[in-house]
Each structure stands twice: as C-alpha cells, then as structure tokens.
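In what follows, chains are A, B, ... by sequence order, proteins preceding strands, each numbered from 1. None of these values were measured; they are calculated from a predicted model.
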Amino acid sequence: MDKTHPTSRIATLGPSRDEASPLRYNPAMPADKVVTRFAPSPTGHLHIGGARTALFNWAYARRHGGTFILRIEDTDKARSTDASTRGILEDLRWLGILWDEGPAHDPAKDDVKANQIGPRGPYFQSQRDHLYKQYLTKLLDTGHAYPDGDAYRFKMPKTAVTVDDLVLGPVTIQPENLEDFIIFKGAAGGGGPTFHFANVVDDAEMQVTHVLRAQEHLMNTPKHVAMFDALGLPRPKYAHMPLIFNPDGSKMSKRDKAKTARKAAQDWLKQHQGSAASLHDHITRFTQAQGLLSLDLSLADLQSFLDKKTDANEIAVPLARALNVTLPEIDVHDFRQSGYLKDVLLNYVALLGWNPGKNLERFDLDFLRQEFDIERLGKSNSRFDRAKLLAFNAETLQKMPPDEYEARLHEHWQEFHPAELAKLADNFRGFAHAYQPRGRTLSEPIDLGRFVFLPDDSITFDPKAVDKNLQANNSAGLAVLRTLRDKLANLPTFDPAAIQKLLDDHAAASSLPMGQIAQPLRVALTGSTVSPAIHDTLAILGRDATLARIDRCLATICPNP
RNA sequence: GCCCCCUUCGUCUAGUGGCCUAGGACAUCGGAUUCUCAGUCCGAGAACAGGGGUUCGACUCCCCUAGGGGGUACCA
C-alpha cells in the first residue's frame with residue numbers, strides 16, 4: 001500500500017461543474033508542481049503495457065512531490081464499460097500504484113462514477129461534456145475550428161510543428177503532413193469530443209505538466225500541441241516511451257490468449273478427428289479426472305469460442321488447461337492469476353524501457369519513486385521475455401522467509417485455487433515448504449505437484465519408470481515397497497523427520513542406496529520419478545494416501561506376487 | 001505509398017570520443033553437489049546492422065543504405 005497517500009483523504013467530491021471556469025481554471029495547487037496522469041480507456045482489462053505507463057507516471061509524480069491523476073477516457077461510448085473501469089482500478093490497486101485524484105480507490109459497488117477524489121474532477125470524460133463544448137466554442141470563435149457536415153474539424157497551422165520530446169528530442173512535422181482533423185463527432189460518430197480533443201482539454205484543465213505515454217502517440221502529439229497553441233495554453237512536456245512486444249516481435253494483444261487456446265483446440269480436433277461436442281467431452285472428462293476443479297463451460301459457449309464469436313477468458317482458460325497448453329499472460333490480471341508477485345512484475349516491466357544505470361536490475365517501488373527519471377528512458381522497443389520475468393519471480397519466492405512464502409501462497413490459493421487448498425488441509429504447510437524452491441510462481445506448484453491433488457486411484461504409472469524402478473532387478477523395487485508398506489503403517493508419527501529416519505534406517509539395514517528406496521516409492525506415489533524429497537513427498541500425501549497408493553501400485557504392477 | 005521514430009550478445013540492457021581485448025542480467029551449454037526434480041556453486045560460448053565520412057582516436061558525432069516499429073479513422 002502506498003503509505004504517503006492514506007485513504008483517509010479521499011472521498012471529497014470535486015467542484016461542481018458550474019464552478020469550473022474553462023480557460024481560467026485555477027485549482028489551489030502551486031502551478032509549478034508536477035502533475036502527471038494515466039488515462040486509460042475502459043474497454044478491457046489493464047494491459048501490461050498500460051501498467052508500465054501508469055507506473056512511470058506515478059513514479060515521476062512521486063519523485064517530484066507532484067500529483068498523479070487517474071482519468072478515465074470513456075469517450076468511446078460504444079466500447080466503454082463500468083466493469084472495465086472497475087477492473088482497471090482493481091489492477092492498479094493490486095499493483096500498489098495509487099492515484100491522488102480520480103475515481104475513488106474503492107468505488108461504490110453499483111456506480112463507479114459516484115465517488116471521486118480530487119479538486120479537478122469529474123475524472124470521467126463522459127461527465128465533462130460541458131467543458132468540451134465550451135472549448136469547442138472558443139476554437140470556433142477564434143477561427144481555429146470549423147464545421148464539417150455535422151462534425152467539427154480543427155484547423156492545423158500552415159507552419160511546421162515541432163514537438164520537443166523529452167525522450168526522443170525535437171520532432172518536426174512539415175505542414176503538408178498535417179491535416180485538419182475531427183475534434184467533435186457528428187451524429188454518425190455518436191457525437192461528443194474525439195480522443196484528441198478531450199485529451200487536450202482535460203490535460204489543460206487539469207494542468208497536467210508531463211505526459212508520459214507510449215510511442216504510438218508520437219504522431220498525435222503535433223495535433224495536440226497545435227491545439228494547446230491555438231487555445232493560448234501552455235503545452236505540457238511530452239515523453240514518448242518505447243513499445244513492448246511479444247518475443248516473436250508481434251504486438252502484445254489481448255487476443256493472444258484466445259488465439260493460443262483456439263489454435264490448441266483446432267490441433268486437437270484435427271488430431272482426434274473430433275467435433276466441438278467431443279472436445280467438450282474431453283474437457284469435461286479432463287476436469288473431472290483432476291477431481292477438484294469445477295467446470296462451468298457449456299457446449300454452446302465452446303462452440304461460439306471456436307467460431308471466434310467470443311474471446312472470453314472463462315472459456316480459453318479451461319480449454320487451454322485441458323489441452324495442456326499455457327496461455328500467454330497479457331493483462332495485469334493474467335499475471336496476477338498466474339501467481340506473479342506484483343513487485344516482481346513491476347520491477348521487470350520497469351526494466352523494459354528504463355534502467356537505473358550501472359548493473360542494478362532488481363528494485364522495488366520505493367526505489368522507483370526515489371530514482372525514476374525521464375533521462376534514463378530508452379528509445380527502442382523491447383520484447384517481453386517471460387523467461388526473465390519468471391526467473392525474477394522464482395528468485396524472489398525462493399529468498400522469502402518460509403513463513404512469508406507460506407502466507408503468500410495461502411492467500412493466492414484462497415483466491416485462485418480454493419479446491420487445492422481444501423484438499424491439502426493440514427498438509428498445506430509441508431507442501432509449501434517442499435515447493436518453495438521449486439515453484440517459480442504461486443500457481444506453478446499446482447502443476448508441479450499435480451499428483452498430490454489426484455485421487456489415489458487416478459495415478460497413472462509411467463511404464464518406463466515402472467520398468468526401471470519396480471520391475472528391474474527381479475522386481476527389487478516392488479520388494480522394497482512391500483517391506484516399507486508395513487513399516488510406514490506402524491510409524492508412530494507420520495512427519496518428515498520420522499519418515500526420513502525410517503528410510504535411513506532401512507537403507508542402513510538393507511544396505512541399499514537411498515536411490516533404490518526413494519525411486520520405487522516415488523513411482524508408487526506419483527506414477528513418475530519426479531517429486532520433492534521423498535520424506536516430504538510422503539508427509540504431504542499423509543499416511544492414508546501413502547498406504548493406499550503403495551497398495552494400489554503393488555496390485556496394479558504385480559497382481560500376483 | 002507517404003510521414004515519423006528506432007538499431008550493442010538469442011532477449012533486456014550498461015556504455016554519452018580514449019577507462020572497451022565492450023560490462024551485467026535472463027536464456028543456452030558444460031562441470032560439481034544430491035534419492036529424482038528443482039535449487040545452489042563454478043565455468044564457457046555469445047553483440048557494437050552495413051558502408052562512407054569527422055577525428056590523433058569511434059560503440060559513442062554526421063551522412064547514406066538496410067532492417068524493425070509507429071502513424072496515416074467522426075478508435076483510443
């Protein structure tokens with residue numbers, strides 16, 4: 001949480017609309033104070049690139065003791081939704097990027113627009129129509145705009161426009177490349193200001209001093225500064241940041257997830273000569289085999305997903321899971337769900353386009369709020385390297401005190417894996433301990449430790465593992481299992497230390513190397529040769545499951561001993 | 001097409017004319033440790049897009065070419 005901005009000072013409403021006097025707006029703030037803003041349009045979740053933009057604007061304001069505004073650009077009435085706004089607020093809050101002015105941090109359940117913080121509101125563009133109209137009149141009156149049909153167009157100057165970008169340096173566009181553009185939509189476009197116009201009016205009204213935004217806006221900037229000039233208002237300073245792409249160089253798009261899932265589905269259909277119905281069947285069976293997850297996916301939903309009629313996450317996720325493919329994380333919420341730590345995510349994403357110099361790479365929000373500067377922003381686009389993010393996340397997880405790791409894991413599972421949490425019950429602590437060095441995200445242990453969550457009679461034994469560890473050497477492995485089975489049944493306390501001692505003793509007594517004891521057990525308990533330390537593995541499963549699985553293994557592999 | 005921006009290892013980058021036989025991180029590949037996996041430790045390979053200038057001296061400055069990206073909507 002952002003300690004310098006206690007929630008106690010929120011919940012004051014801005015001045016009433018009538019008090020806001022355009023062109024002479026003068027909030028009770030020092031004019032030289034830094035004011036930045038993050039201005040998402042509420043048409044979906046917060047994209048990871050948007051998170052970086054928000055982060056840098058936040059950090060810049062903090063660094064200079066300024067104000068960070070969150071403004072919702074919902075001028076596109078058709079695509080904007082309150083649910084998106086709510087999601088963006090939640091994502092920002094989760095990240096710890098808290099705004100000084102904008103929608104209330106924790107808005108009313110039924111209306112996100114109801115409570116807003118700060119003197120320059122309202123902070124939803126849909127509530128600022130009166131302002132845009134006043135500015136339009138001004139522009140019309142001074143001859144800087146003219147009607148075009150039922151819309152209005154801004155008249156670009158006939159001279160070159162130079163933008164002094166803080167990152168890129170001066171960028172000059174010649175007048176022949178600057179066309180008059182629509183600032184106010186007519187009935188055909190739904191009426192109201194366009195992005196360019198609302199953006200400029202609001203930046204002016206809110207006295208924004210620094211605009212840090214993605215480089216895709218660079219060519220918009222001549223339009224924007226021309227409007228400031230025409231209005232006789234001071235231009236904010238602009239800093240255009242490089243873009244973030246997928247590892248293959250393609251644009252990081254929300255659709256990537258659906259695309260990946262759909263591709264996997266098509267591959268499956270081809271390979272199995274299947275139909276949507278059989279695929280749905282497969283998903284259902286898979287989900288039931290996991291024994292834990294409840295599936296809420298209708299055949300109709302699946303069909304429309306396959307027909308590209310929807311890209312819904314709720315369909316893509318179970319589909320991908322059943323087909324054993326990993327969906328690329330794109331939105332902040334995806335990363336959160338995948339079990340990335342917010343500090344790590346922010347740290348990594350800050351490194352894409354900014355760095356503190358020297359050989360320092362790992363830092364936190366506090367560091368950024370003290371050290372972030374525009375001078376160290378890069379100019380060239382970068383690719384999002386999930387492997388590096390994963391490595392950062394893994395390192396942070398592994399270095400955590402065990403108690404903290406356990407708490408974080410618990411918290412995450414409560415939200416995203418409640419069934420697994422319930423299944424583990426009292427053994428959760430041991431599980432956390434065993435998987436702290438192994439899981440690179442808070443969700444990865446679920447997959448790594450899949451065997452833990454399967455019903456005892458659903459373990460499938462890997463033939464090669466069975467061959468090598470149970471049947472080889474005249475079924476030496478099976479013999480080990482038989483002796484150990486009863487010893488384990490009679491062990492007074494079934495905890496890691498006691499189990500380890502029992503196995504050590506058995507190794508000594510039988511003069512078998514530990515590998516010839518641990519591996520047969522692994523195969524019996526997990527079906528494979530991979531798991532945490534063997535005593536931890538047994539303890540996590542608990543005595544009942546351990547014995548049940550050994551019995552089933554013995555019965556399955558060698559029905560008649 | 002036109003306009004604009006960018007260009008150091010596979011990836012993210014350090015480097016602002018001599019400190020560079022180019023540093024770090026992730027990834028990759030070896031080796032050590034261990035009951036498997038992971039982890040940990042040690043080590044290796046890996047880059048200044050190409051061509052012209054400027055300069056005593058260019059990764060660093062200028063130009064050209066090539067490549068990449070963005071923009072070119074009554075979307076934002």
Using heavy atoms to find the nearest nucleotide of RNA chain B for A:P193 and A:T172 separately, return the residue whose nucleotide is more 5′. A:T172
Can you check side chain to side chain contact (heavy atoms under 4.5 Å, CB included) on A:D456 and A:R552, steps first, answer last? CA-CA 8 Å; A:D456 294 336; A:R552 178 164 172 270; 5.9 Å; no
Output the rounded distance in Å from NZ (A:K223) to C1' (B:rG70). 13 Å
Would you please confirm or rule out a distance under 4.0 Å between OP1 or OP2 of B:rC75 and any side-chain N or O of A:K185? yes
Could you work out the separation of B:rG68 and B:rA49 based on their P atoms and round it to a whole Å? 16 Å
Just N and O in the side chain of A:T43: are any of them under 4.0 Å from OP1 or OP2 of B:rA76? no
Please measure how far the C1' atom in B:rG53 lies from the corresponding atom in B:rC12, and state the result in whole Å. 32 Å
Among B:rA27, B:rC4, B:rU7, the nucleotide that comes nearest once only the side chain of A:A387 is considered: B:rA27
Would you measure the distance from the C1' atom in B:rU60 across to the matching atom in B:rA47 and give it in whole Å? 15 Å
Is any side-chain heavy atom of A:D447 closer than 4.5 Å to one of A:R450? yes
In whole Å, I'd like the distance from the OH atom of A:Y146 to the P atom of B:rC74. 12 Å
Identify which nucleotide among B:rC74, B:rG15, B:rC35 has an atom closest to any side-chain atom of A:M514, counting heavy atoms from C-beta outward. B:rC35
Listed nucleotide nearest any side-chain atom of A:D76, set B:rA38, B:rA76, B:rC12: B:rA76
When both distances are under 3.5 Å in a Watson-Crick or G-U wobble arrangement, the nucleotide paired with B:rC56 is B:rG18
Tell me if the side-chain of A:R522 makes a donor-acceptor pair with the base of B:rU36, cut-off 3.5 Å, by modelled atom types. yes
Taking the P atom in each of B:rC61 and B:rC6, what is the distance between them to the nearest angstrom? 12 Å
Residues A:K257 and A:D334 bridged, charged N to O under 4.0 Å: yes
Side chain of A:D385, heavy atoms from C-beta onward: which of B:rC26, B:rG71, B:rA14 has the nearest atom to it? B:rC26
When you compare B:rU11 with B:rG69, how far apart are their P atoms, in angstrom units rounded to a whole number? 14 Å
From the candidates B:rC35, B:rC6, B:rC5, the one with an atom nearest any side-chain atom of A:A518 is B:rC35
Considering every strand and a 4.0 Å limit on heavy-atom distances, what is the contact class for A:P247: base, sugar-phosphate, or nothing? nothing
Heavy atoms from C-beta onward define the side chain here; which of B:rU13, B:rC5, B:rG39 lies closest to that of A:S382? B:rU13
Please work out if A:G353 contacts a base, only the sugar-phosphate, or nothing of the nucleic acid, heavy-atom cut-off 4.0 Å. sugar-phosphate
Is the shortest side-chain N to carboxylate O distance from A:K501 to A:D505 below 4.0 Å? yes
Expressed as a whole number of angstroms, how long is the span from A:K379:NZ to B:rU13:P? 14 Å
Spacing of A:R383 atom CZ relative to B:rG68 atom C1', expressed in whole Å: 8 Å
Would you mind pulling out the nucleotide paired to B:rG39, Watson-Crick or G-U wobble, both distances under 3.5 Å? B:rU33
Please give, in whole Å, the distance from B:rU34 C1' to A:Q500 CD? 12 Å
To the nearest Å, give me how far apart CG (A:D248) and P (B:rU11) are. 12 Å
Base-pairing mate for B:rA49 - Watson-Crick or G-U, with both contacts under 3.5 Å: B:rU65
Ring centroids only, cut at 6.0 angstrom: are A:Y152 and A:Y146 within range, meaning strictly under it? no
In this structure, is the centre-to-centre distance between the rings of A:H224 and A:F195 below 6.0 Å? yes
OP1 or OP2 of B:rG69 less than 4.0 angstrom from a side-chain nitrogen or oxygen of A:N381, does that happen here? no
Partner of B:rU28 under the Watson-Crick or G-U wobble criteria, both distances under 3.5 Å, comes out as B:rA44
Could you state the atom-to-atom distance from NZ of A:K358 to C1' of B:rA14 in whole Å? 12 Å
Integer angstrom distance from the P of B:rC62 to that of B:rU55: 16 Å
With a 4.0 Å cut-off on heavy atoms, is A:F184 in touch with a base, just the backbone sugar-phosphate, or nothing at all? nothing
Do A:F335 and A:F384 make the cut of ring centroids closer than 6.0 angstrom? yes
Rounded distance (Å) that lies between atom P of B:rC3 and atom CG of A:D165: 20 Å
For A:Y123, the option from A:E73, A:R71, A:E101 that meets side-chain hydrogen bond (donor to acceptor under 3.5 Å, both in side chains): A:E101
Where the side chain of A:T75 is defined as all heavy atoms beyond and including C-beta, which of B:rA76, B:rG39, B:rU7 is the nearest nucleotide? B:rA76
What interatomic distance, in whole Å, is found between C1' of B:rG23 and the corresponding atom of B:rC19? 12 Å
Considering only side-chain heavy atoms of A:V530, which listed nucleotide, B:rC35, B:rC37, B:rG71, is closest? B:rC37
Please classify the nucleic acid contact of A:R386 as base, sugar-phosphate, or nothing, using heavy-atom distances under 4.0 Å. nothing
A:D150 side-chain proximity, nearest of B:rG24, B:rU13, B:rC74: B:rC74
It should be established whether A:R440 places a side-chain nitrogen or oxygen under 4.0 Å from OP1 or OP2 of nucleotide B:rC26. no
Return the CD to CZ distance between A:E371 and A:F363, rounded to the nearest 0.5 Å. 10.0 Å
Can you work out whether A:T194 or A:F392 has the more 5'-proximal nearest nucleotide on RNA chain B? A:F392
Distance check, P atoms only: B:rU65 and B:rG43, in whole angstrom units. 47 Å
Report which part of the nucleic acid A:H240 touches: base, sugar-phosphate, or nothing (heavy-atom distance under 4.0 Å, all strands). nothing
Of the options B:rA27, B:rC6, B:rA76, whose atoms approach the side-chain atoms of A:A391 most closely? B:rA27
Donor-acceptor pair (no angle test) under 3.5 Å: A:K388 side chain, B:rA27 base: no
